Amino acid sequence: MQPRRRVPASRWLAVAALVLAAAGCTPQSVTEQGQAVWSLYRLFLYIAAVVFVVVSGLVIWSVIRYRRRDDELPTQTHGNNRLELTWTLIPTVIVLALFVFTLRAQDKVLDTSGKPDVNVTVTAFQWSWRFTYVGSGAEIVGSPETIPEMVVPVGQRVRVKLVSADVVHSFYVPQTLFKRQAIPGTDNTFDLTFEKVGLYHGQCTQFCGLQHSDMVFRVRVVSPGEYQSWLAAATRRGQAGKPGT
């Protein structure tokens, strides 16, 4: 029987680097509010990487430095108050700092103190979405056969009032790094300021019935001029039944 070949340390390091790189592949947010979440995620990732390197390095150093060479027992240490206090304080300080940064990011994401440029009431119902543009008469109503689109202008603050017509749903656009529940009898309000023109897919992530998988929608971000033209046309029709028109 042939002895097992030892895996080179360089290979293990390559695997660890690949894992860290994959962990950093979270998409950047396309909204101003979501950038705070992305920055917080990177901070957590960097701190976790530093902790991993330090702890792994200390473990490897200890294994090599204090590996057994003979039958004589090494010097026994029964306690070190200074060392124990150090490894208690460092994690405590890190956790408190992350807690503060998390609160600051949360305050920025949930801040609705600014004046909105667009007000949209988003109604979730079994099994689609209704986007009502407050004060204009424009409305997009979807169905399981027709995917609705919420059209918004780039660079402008969009205030969303999220409501549910029946059961609990969830409003989620992955590229905004933001998700909010639609709860019957409760109005959830939040702001989204899209920074990039494009088409972004959204979905309900709360199981809400047999046709839950049909609860998809799109957010089309256009220039302010295009948005005004679209809104005028949608207002004239009174109700826009075709997505993106």
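Worth saying up front: this structure is predicted, and the values here are computed from it rather than measured.
- Residue Ser136 comes nearest to Thr235 through the heavy atom pair O-CG2, 2.7 Å, listed as atom of the first residue, atom of the second, then distance.
- Linking ILVMFWY side-chain heavy atoms closer than 4.5 Å, directly or via other members, places Val37 and Leu103 in two distinct hydrophobic clusters.
- Under the 4.5 Å side-chain criterion, counting only non-hydrogen atoms from C-beta, Gln35 is in contact with Glu195.
- Side-chain contact between Phe194 and Thr176: present, with at least one pair of heavy atoms (C-beta onward) separated by less than 4.5 Å.
- Of the inter-residue distances, the one linking Gln206 atom CD with Lys179 atom NZ reads 8.5 Å to the nearest 0.5 angstrom.
- A donor-acceptor pair is defined here as one N or O able to donate and one able to accept, closer than 3.5 Å; no such pair exists between the side chain of Thr205 and the backbone of Ser170.
- In terms of heavy-atom proximity, Trp129 sits nearest to Ala124 at CZ3-CB, 3.5 Å.
- Cys204 is not listed as a side-chain neighbour of Trp127, based on a closest heavy-atom distance of 4.5 Å or more.
- Under the 4.5 Å side-chain criterion, counting only non-hydrogen atoms from C-beta, Ile47 is in contact with Ile94.
- Taking hydrophobic clusters as Ile, Leu, Val, Met, Phe, Trp and Tyr residues chained together by side-chain heavy-atom distances below 4.5 Å, Val109 does not share a cluster with Leu43.
- The aromatic rings of Phe171 and Phe217 sit parallel to each other, their planes meeting at less than 30°, with 60° as the upper class boundary.
- For Arg104, the CZ atom is loosely surrounded, since the number of other residues' heavy atoms within 6.0 Å does not exceed 12.
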Just distance, no hydrogens or angles: give the donor-acceptor pairs under 3.5 Å from side chains in residues 153-166, sequence neighbours left out.
| from | atom 1 | to | atom 2 | distance (Å) |
| --- | --- | --- | --- | --- |
| Arg157 | NH1 | Asp191 | OD2 | 2.8 |
| Arg159 | NE | Asp191 | OD1 | 2.8 |
| Arg159 | NH2 | Thr112 | O | 2.7 |
| Arg159 | NH2 | Gly114 | O | 2.6 |
| Arg159 | NH2 | Asp191 | OD2 | 2.9 |
| Ser164 | OG | Asp166 | N | 3.3 |
| Ser164 | OG | Val167 | O | 2.4 |
| Asp166 | OD1 | His169 | NE2 | 2.7 |
| Asp166 | OD2 | Gln126 | N | 2.9 |

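- By the criterion of side-chain heavy atoms lying less than 4.5 angstrom apart, applied directly or through intervening Ile, Leu, Val, Met, Phe, Trp or Tyr residues, Trp38 is grouped together with Tyr200 in one hydrophobic cluster.
- Taken together through direct or relayed side-chain contacts under 4.5 Å among Ile, Leu, Val, Met, Phe, Trp and Tyr, Val141 and Val134 form parts of separate hydrophobic clusters.
- Contact of the Thr31 side chain with the Phe178 side chain is not registered, since no non-hydrogen atoms from C-beta on lie closer than 4.5 Å.
- Note: the hydrophobic cluster containing Val50 does not contain Val95 (ILVMFWY, side chain heavy atoms under 4.5 Å, direct or indirect links).
- Residues Phe101 and Phe44 place their aromatic rings such that the two centres sit no closer than 6.0 Å.
- Of all heavy-atom pairs between Ala105 and Ala36, the closest is CB-O, 4.0 Å.
- Pairs passing the ring pair (Phe, Tyr, Trp, His ring centres under 6.0 Å) check and including a residue from residues 133-168, sequence neighbours excluded, read Tyr133-Trp230.
- With values rounded to the nearest 0.5 angstrom, Gln203 atom CD is found 10.5 Å from Met215 atom CE.
- With 3.5 Å as the limit, one finds no donor-acceptor pair spanning the side chains of Thr121 and Thr132.
- Asp214 CG to Ile147 CD1: the interatomic distance, rounded to the nearest 0.5 Å, is 9.0 Å.
- Under the 4.5 Å side-chain criterion, counting only non-hydrogen atoms from C-beta, Pro148 is not in contact with Arg130.
- For the atom pair Leu45 CG and Leu40 CG, the distance stands at 11.5 Å (nearest 0.5 Å).
- Val151 places none of its side-chain heavy atoms less than 4.5 Å from the side chain of Glu226.
- Here the closest non-hydrogen pair linking Thr102 and Leu98 is OG1-O, 2.7 Å.
- Note that the OG atom of Ser213 and the CZ atom of Phe207 stand 9.0 Å from one another [nearest 0.5 Å].
- In this structure, Leu85 and Asn81 have side chains that are not in contact, with every pair of non-hydrogen atoms separated by 4.5 Å or more.
- For Gly34 against Ser29, the heavy-atom pair with the smallest separation is CA-OG, 3.1 Å.
- Here the CG-OH distance, from Leu177 to Tyr172, works out to 7.0 Å after rounding to the nearest 0.5 Å.
- Annotation for Leu96: atom CG counts as buried by contact number, over 12 foreign heavy atoms lying within 6.0 Å.
- Nearest heavy-atom pair, Met150 versus Val122, reported as atom, atom and distance to 0.1 Å: SD-CG2, 4.1 Å.
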